[in-house]
Amino acid sequence: MNEENMAILITILTVLALVVPLILIGVFASKNSRRKQQKFKEPAESSGTILKIWKTTDYQPEGPYYEPWVVEYSYYAGSILYEKSFQTNNRKIAHSLQANDKITVYYDRQNPNNAVTSVQMEQEKSVWKNMLIGFLIFILIVAACSIFFV
């Protein structure tokens, strides 16, 4: 094997060693709400209402662009009103929701406090899509570098 082919092989193996773990982390992180919903012993669905949305100041920064919002919502499970919240750093989601917006809430009848929203599930879909786009851009950059610098 000549030096040029060896350099390309090393580049490809390096990319795989760096990217595959990130993809696996993304797959598991992007399906958290769906896995939580699948663990419900008696799944149920309810209409929920956004109560309020605010930017939190009590957080551990995860990076320079981490801006968490808290979305507080309520839903009825039977005749009991529950209030819960979740955090998101997705600016589009935070800005697209308003107080009194209706959302779908999935909860466990045996433990109605255990719930996830359709918003959370949609957010996780967008995380996976963004990771895939980022991965493809990264591969294109590495391929371009391999062609021009090797």
Side-chain angles (χ1 to χ4, degrees), residues 8 10-148:
I8 292 172
I10 289 172
T11 302
I12 291 170
L13 291 174
T14 303
V15 167
L16 289 174
L18 293 172
V19 173
V20 169
L22 292 175
I23 290 173
L24 292 174
I25 290 169
V27 167
F28 290 113
S30 70
K31 301 202 183 278
N32 186 43
S33 292
R34 191 157 310 279
R35 279 196 312 272
K36 183 177 179 181
Q37 180 190 16
Q38 289 171 346
K39 290 181 181 178
F40 293 169
K41 293 180 179 156
E42 289 185 48
E45 185 177 314
S46 179
S47 177
T49 304
I50 301 291
L51 299 175
K52 60 184 174 177
I53 302 165
W54 71 93
K55 198 175 215 182
T56 182
T57 57
D58 183 26
Y59 67 95
Q60 296 293 325
E62 294 180 8
Y65 301 110
Y66 184 66
E67 300 176 330
W69 282 272
V70 177
V71 178
E72 188 174 312
Y73 63 96
S74 66
Y75 62 98
Y76 279 96
S79 60
I80 300 173
L81 180 66
Y82 289 85
E83 290 186 9
K84 293 190 57 106
S85 64
F86 65 89
Q87 283 193 1
T88 181
N89 64 342
N90 187 318
R91 184 174 294 142
K92 284 183 182 179
I93 287 176
H95 289 260
S96 69
L97 297 172
Q98 297 178 11
N100 297 319
D101 281 354
K102 299 297 178 193
I103 58 171
T104 302
V105 179
Y106 306 98
Y107 67 94
D108 186 348
R109 280 192 180 106
Q110 289 186 3
N111 181 7
N113 201 35
N114 193 6
V116 296
T117 68
S118 56
V119 174
Q120 290 169 281
M121 295 167 100
E122 284 300 314
Q123 171 184 322
E124 291 172 356
K125 284 182 188 176
S126 69
V127 167
W128 177 243
K129 180 179 133 189
N130 290 341
M131 285 188 64
L132 183 59
I133 291 169
F135 172 71
L136 292 174
I137 291 170
F138 181 73
I139 292 296
L140 291 173
I141 290 169
V142 168
C145 290
S146 296
I147 292 168
F148 292 116

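Judged by distance alone, the side chain of S46 and the main-chain N or O of Y76 form a donor-acceptor pair under 3.5 Å. Using a distance-only test at 3.5 Å, with no hydrogens or angles considered, no donor-acceptor pair links the side chain of K41 to the main chain of D108.
Not counting sequence neighbours, the partners of T49 by the side-chain hydrogen bond (donor to acceptor under 3.5 Å, both in side chains) test are K102. With sequence neighbours excluded, the residues forming a side-chain contact (heavy atoms from CB on, under 4.5 Å) with A44 are Y107, R109, listed by chain and number. Listed by chain and number, the residues in a side-chain hydrogen bond (donor to acceptor under 3.5 Å, both in side chains) with Q110 are E42 (sequence neighbours excluded).
In this structure, OH in Y73 is found 11.0 Å from CD in E83, a value given to the nearest 0.5 Å. Rounded to the nearest 0.5 angstrom, I103 CD1 and M121 CE are separated by 12.0 Å. I93 CD1 to F86 CZ: the interatomic distance, rounded to the nearest 0.5 Å, is 7.0 Å. The distance from the CD1 atom of I53 to the CG atom of D101 is 7.0 Å, given to the nearest 0.5 Å. To the nearest 0.5 angstrom, R91 atom CZ is 6.5 Å from K55 atom NZ.
For the residue pair L51 and S74, the shortest heavy atom distance occurs at CD2-OG, 3.7 Å. In plain terms, the two heavy atoms of A115 and V105 that are nearest each other are CB-CG1, 3.8 Å.
Contact check for I50 versus Q98: no side-chain heavy atoms found under the 4.5 Å cut-off. Using a 4.5 Å heavy-atom threshold, the side chains of V119 and V71 count as separate.
By the 30° and 60° cut-offs, the orientation of the rings of Y75 relative to Y82 is parallel.
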